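Report on one structure; see the data block that follows.
In what follows, every heavy atom counts, from backbone to side chain, and hydrogens, waters and symmetry copies are set aside. Order of appearance sets the numbers: ligands from 1, and atoms from 1 within every ligand. The structure presented is a predicted model; accordingly, all values stated were derived computationally and were not measured.
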Amino acid sequence: MAENQSDSSQRLGFQTEAKQLLQLMIHSLYSHKEVFLRELVSNASDALDKLRFESLTNSAILGDDTELCVRVKVNETAKTITIADNGIGMTREEVIENIGTIARSGSRAFVESLTGDQKLDSNLIGQFGVGFYSAFMVASKVKLVTKRAGEGRTAVVWESDGQSDYAIAETDKETRGTEVTVYLKDDETSYAEPYNVRSIIKKFSDFIAFPIYFPNEKGHDEVINQTKPLWKRPPLDITSEQYEEFFKQLGGFDKPATTIHSKAEGILEYSFVLFIPSKAPFDLFLPERTHGIKLYVKRVFIMDHCKELFPEYLRFVKGVVDSEDLPLNVSREMLQHNPVIEKMKKTLVAKVLGKLSDMAASEPAGFAAFWDQFGPVLKEGVHSDYENKDKLVELLRFQSTLSDTKDDLVSLKQYVGRMREGQKHIYYISGESREIVEKSPHLEVFRDKSIEVLYFLDPIDEWLVNDLYNYDGKQLRSVAKGDLDLGDLGADDEKQKDKVESTYKKLAERIKNILSDTVKDVRVTVRLKDSPCCLVSDEHDLGPFMEKMMKAMGQDVPESKPILEINGFHPIVENLQAVYDKDPKSPLLDEWVKLLYDQALITGGGLPKDVTGYAKRVNELLLKASKEAAA
Ligand code: ADP
């Protein structure tokens, strides 16, 4: 891979994923190419933030070059644009690590999540932290010269056409920081036109806290951005476009669903801008996921991904929190169990939950869209955030037997509000998808009696039941577990059941014998209207959906046997009884009962253990029926 030219100069190949990414930048992303400027300016600003942070403990690092800034220049003749900063800079190793390899998980995920939609895809660039490479959308060559801040470091020059390798060598550079020169492709020369570049940079950088210089008509550098950080400005002065830009600079994509911008003044003083994104990030549930808050102290950047200010279940909130009370030299360790942080956290969480609850009340469609993306992660809070549990429970939304579409959601409050008179419990059914649960035989009696049933379709919903247990004094009951208890609404059915129960007592025993390996019990039910039978779990068993999930997670699950419930008013069951009456030992009963059991498994979202045996039995019946029909 390496081909040494001299001691200090080398050609190195890009790592595979970097190469893939570059190919994409060069060949696939055509629209919104101007975002490369946002990415480079934002890298410069990050480098300045890092330097300022380091200078807190090492003031000598600044030397006499104390005005931290970005300088952008264009050369219309040479068709280049240069973005320079006097920030932290990079050592040779850092250049190779940061620019040559992009070993971060984000790059592969980026490649995988490309949609083919130009607009969406270019928005992804910022989110996946692959910003530097976006320069290759417009560049035939990129040159980076950098010098790490600190005494006597050698400067490094890195150069590449973005194809398969890059050159790296030592060079001379007097000042610290990084200078990126983009050599524009022939058809991208508009990025060397001063007027055009100035207006793009203005658009992207009004919230960058460092001055950005650009030459005016007379060739004198002048500051073109507003350097007062966005979060320190009055909300009324900020347009929604500016908020959107800021959100993108923080790595958000698309538009934020909602923005919270405020400041606290009192015992503690802090300003914050928080965004609730409209789309979940790709890593929301991955182990390497991060929080989206940047912490500042007195306008000095302290750290990215500050996880001390929000609980895990709000990790998707993006934004900036700027405290006046924390010491500038605050370290990650100091943030844990820090009373200032704890107080801020409490308020910030309340703000976010309050905003979500407003959204739920005033724009249900917007909230449904939010719920679609972040519902599962918010549910984690019901388990983990005892203090805010009640608020979170009010935010929960479910599909139900009464929703026409998947966006038609119901809250527990609404559910209780429209419960039928005499209904005591809140009913739910769990399963993998709406398609599976809505056809379940367990719902037959509920449809018949117009009792609403919530659909629990998220794996986490089963755990939710344990944390929730009841709402507004009403228990949450699975429609597929334990004895059916419809309270007053089931009184008539219960009477009828009592009548048939004795009729089927012997048959039920015979069935139990046939299925002794697979079921715990056989009993007559009023759950069913159209189906002959179904399987239910015992009150305290996990249930088939939960068992399946836990097995998928590699956990040992105790085998629990279901209960087979038979519908005493179904003609098939009546006929079985007639066959039994003629000959209790009839082998036909064995075959049919096994068939019915397998069917009950299937309608419950499972699969028969012996699929071939099942098919054989169905075929035998078909053969008989078709023979009769043909005769
Ligand atoms: P991201 O900025 O999202 O991490 P980039 O691909 O834009 O991704 O940059 C990769 C890394 O290169 C940065 O994280 C940073 O460490 C380094 N880098 C890029 N530009 C600069 C710069 N101007 N000064 C110092 N380091 C930089």
Side-chain angles (χ1 to χ4, degrees), residues 14-15 17-22 24-25 29 35-55 61 65 68-73 81-111 122-137 139 142-150 153 155-160 162 166 168 173 175-182 201 204-205 208 210 212 248-253 281-283 288 290 292 294 301 303-305 318:
F14 283 112
Q15 165 233 30
E17 273 163 24
K19 221 186 292 181
Q20 257 180 329
L21 205 58
L22 280 163
L24 271 159
M25 290 292 178
L29 300 175
V35 299
F36 87 90
L37 270 171
R38 173 178 74 211
E39 297 302 326
L40 295 182
V41 170
S42 135
N43 280 351
S45 161
D46 289 348
L48 294 168
D49 267 334
K50 285 180 197 159
L51 178 78
R52 190 157 63 174
F53 185 65
E54 219 170 289
S55 74
I61 205 167
D65 186 5
L68 303 186
C69 64
V70 183
R71 288 180 196 274
V72 181
K73 288 201 163 56
I81 174 167
T82 303
I83 294 96
D85 63 69
N86 55 353
I88 194 78
M90 285 177 274
T91 62
R92 182 191 180 92
E93 288 66 40
E94 282 166 339
V95 172
I96 294 175
E97 172 67 20
N98 296 333
I99 309 286
T101 45
I102 49 159
R104 282 155 299 173
S105 61
S107 45
R108 169 167 290 158
F110 171 77
V111 174
S122 51
N123 275 337
L124 289 172
I125 296 172
Q127 192 210 0
F128 288 97
V130 291
F132 178 78
Y133 288 2
S134 65
F136 286 102
M137 291 197 288
V142 177
K143 180 168 152 190
L144 173 145
V145 181
T146 185
K147 185 160 129 181
R148 179 67 165 79
R153 314 244 189 178
V156 184
V157 53
W158 176 100
E159 207 175 286
S160 176
Y166 58 86
I168 187 163
K173 183 176 190 296
T175 51
R176 65 158 190 266
T178 305
E179 186 179 294
V180 178
T181 305
V182 177
I201 296 203
F204 283 149
S205 58
I208 296 235
F210 302 96
I212 298 175
K248 283 184 187 154
Q249 204 225 340
L250 295 173
F253 62 112
F282 73 99
D283 58 0
E288 60 268 29
T290 49
K294 275 182 193 272
F301 168 79
M303 70 177 70
D304 266 319
H305 312 303
K318 282 201 177 297

Flag yes if more than 12 heavy atoms outside Lys73 fall under 6.0 Å of its NZ atom; otherwise flag no. yes
Do any N/O atoms on Phe132 end up under 3.5 angstrom from N/O atoms on ligand 1? yes
Please confirm whether Met90 comes under 4.0 Å of ligand 1, counting heavy atoms of the residue only. yes
Check whether the ring centres of Phe14 and Tyr166 lie less than 6.0 Å apart, and answer yes or no. yes
Going by heavy-atom distance to atom 22 (C) of ligand 1, choose the closest among Ile83, Ile88, Thr178. Thr178
Close N or O approach (Asn43, ligand 1; < 3.5 Å): yes
If the cut-off is 4.0 Å to any non-hydrogen atom of Ile99, which atoms of ligand 1 fall inside it? 12 (O)
Pick from Leu48, Asn98, Leu51: the one approaching atom 11 (C) of ligand 1 most closely through a non-hydrogen atom: Asn98
Taking the side chain as everything from C-beta on, heavy atoms only, tell me whether Leu144 gets closer than 4.5 Å to Val156. no
Side-chain donor/acceptor of Lys147 to backbone N/O of Lys173, under 3.5 Å: yes
Got a salt bridge between Arg148 and Glu54, using NZ or NE/NH1/NH2 to carboxylate O under 4.0 Å? yes
Any side-chain heavy atom of Met90 within less than 4.5 Å of one from Trp158? no
Can you list the ligand 1 atoms lying under 4.0 Å from a non-hydrogen atom of Asp85? 22 (C), 23 (N)
